[in-house]
Participant: 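Below are the structure tokens for one structure; questions will follow.
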Amino acid sequence: DTGVSQNPRHKITKRGQNVTFRCDPISEHNRLYWYRQTLGQGPEFLTYFQNEAQLEKSRLLSDRFSAERPKGSFSTLEIQRTEQGDSAMYLCASSLSQGTGNTIYFGEGSWLTVV
Amino acid sequence: AQKITQTQPGMFVQEKEAVTLDCTYDTSDPSYGLFWYKQPSSGEMIFLIYQGSYDQQNATEGRYSLNFQKARKSANLVISASQLGDSAMYFCAMRANTGNQFYFGTGTSLTVIP
């Protein structure tokens with residue numbers, strides 16, 4: 001399977017704990033995106049990387065959130081001191097960098113439940 | 001700023017009939033792309049179809065077609081010959097040439113009735 005891969009698929013954590021999600025993009029894609037989706041809403045942009053550089057971050061990405069893509073391949077999204085409001089699905093996507101027509105392809109998402 | 005509006009929270013269609021899901025957008029960028037994604041209950045966002053702002057013809061992909069009306073800033077998705085497996089959430093999205101984000105609408109829940 002050469003699609004976008006995310007793990008874990010599901011995570012239940014206690015409030016205050018840290019969680020980390022991993023994303024492996026499609027191999028030839030140099031752009032990687034993180035989105036958050038809550039029930040009844042469309043995906044909301046969090047951040048994106050071009051190769052290893054984090055080029056844009058949303059205001060939604062508080063200082064408890066950090067994302068890395070150290071070698072320009074896989075990426076991690078860490079949430080520190082989780083809050084119940086962090087419960088959502090975290091979607092990773094990847095694309096080629098140039099052109100408005102370059103579709104982003106999503107992974108299956110990582111569901112986070114904070115109890 | 002870019003904005004996508006989907007005004008139909010839920011739609012029902014009889015199996016084998018066609019259905020149109022509405023999408024309007026707002027952007028000041030002359031170059032942009034419009035996309036539709038399907039999200040089944042499993043959660044994965046599945047790419048369906050793409051339309052470029054300068055494309056002269058409406059995009060088609062199998063049973064999916066995009067009714068692009070640039071002057072009205074609308075990009076409606078038409079699904080022909082609906083199947084039970086088409087039941088899912090459908091999201092319209094836009095990417096402007098000057099930006100890097102994809103902006104999504106709030107989605108339309110489609111239910112296909114046997």
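Each chain gets a letter, A, B and so on, in the order its sequence line appears, and its residues count up from 1.
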Participant: Return the CZ to CZ distance between A/F45 and B/F104, rounded to the nearest 0.5 Å.
Facilitator: 11.5 Å

Participant: With a 4.5 angstrom heavy-atom cut-off, which part of A/S95 approaches chain B: side chain, backbone, both or neither?
Facilitator: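 Contact with chain B: side chain only.
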
Participant: Counting only heavy atoms not in B/K16 (residues, nucleotides, ligands), do more than 12 fall under 6.0 Å from its NZ?
Facilitator: no

Participant: With a 4.5 angstrom heavy-atom cut-off, could you sort out which part of A/L55 is near chain B: side chain, backbone, both or neither?
Facilitator: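 No part of it gets close to chain B.
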
Participant: Within a 6.0 Å radius of atom CG on A/L39, are there more than 12 heavy atoms belonging to other residues, nucleotides or ligands?
Facilitator: no

Participant: Check this for me: B/K73, atom NZ, are more than 12 non-hydrogen atoms of other residues, nucleotides or ligands nearer than 6.0 Å?
Facilitator: yes

Participant: So with a 6.0 Å cut-off around CD of A/E28, is the heavy-atom count from everything else above 12?
Facilitator: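 Correct, the count exceeds 12.
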
Participant: When rounded to the nearest 0.5 angstrom, what distance separates OH in B/Y50 from OG1 in A/T103?
Facilitator: 7.5 Å

Participant: Does A/E68 CD have over 12 foreign heavy atoms under 6.0 Å away?
Facilitator: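 No, because the 6.0 Å sphere around CD of A/E68 holds 12 heavy atoms or fewer from other groups.
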
Participant: Should we say atom CZ of A/R15 is surrounded by more than 12 heavy atoms from elsewhere, each under 6.0 Å from it?
Facilitator: no

Participant: Which value, rounded to the nearest 0.5 Å, describes the distance between A/M89 atom CE and B/M45 atom CE?
Facilitator: 8.0 Å

Participant: Using heavy-atom distances under 4.5 Å, tell me whether B/T106 contacts chain A through its side chain, its backbone, both, or neither.
Facilitator: both

Participant: Which of these, B/F91, B/F35, B/Y37, sits in a ring pair (Phe, Tyr, Trp, His ring centres under 6.0 Å) with A/F106?
Facilitator: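 Among B/F91, B/F35, B/Y37, the one that satisfies the ring pair (Phe, Tyr, Trp, His ring centres under 6.0 Å) with A/F106 is B/Y37.
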
Participant: For B/I113, does the CD1 atom sit with more than 12 other heavy atoms under 6.0 Å from it, leaving out its own atoms?
Facilitator: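 Yes.
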
Participant: So, for A/Y35 and B/F102, is the gap between ring centers shorter than 6.0 Å?
Facilitator: no

Participant: Please flag which part of A/Q50 lies under 4.5 Å from any non-hydrogen atom of chain B: side chain, backbone, both or neither.
Facilitator: neither

Participant: Counting heavy-atom pairs under 4.5 Å with chain A, which one of B/M89, B/Q39, B/Q6 comes out on top?
Facilitator: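 Going by pairs under 4.5 Å, I would pick B/Q39.
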
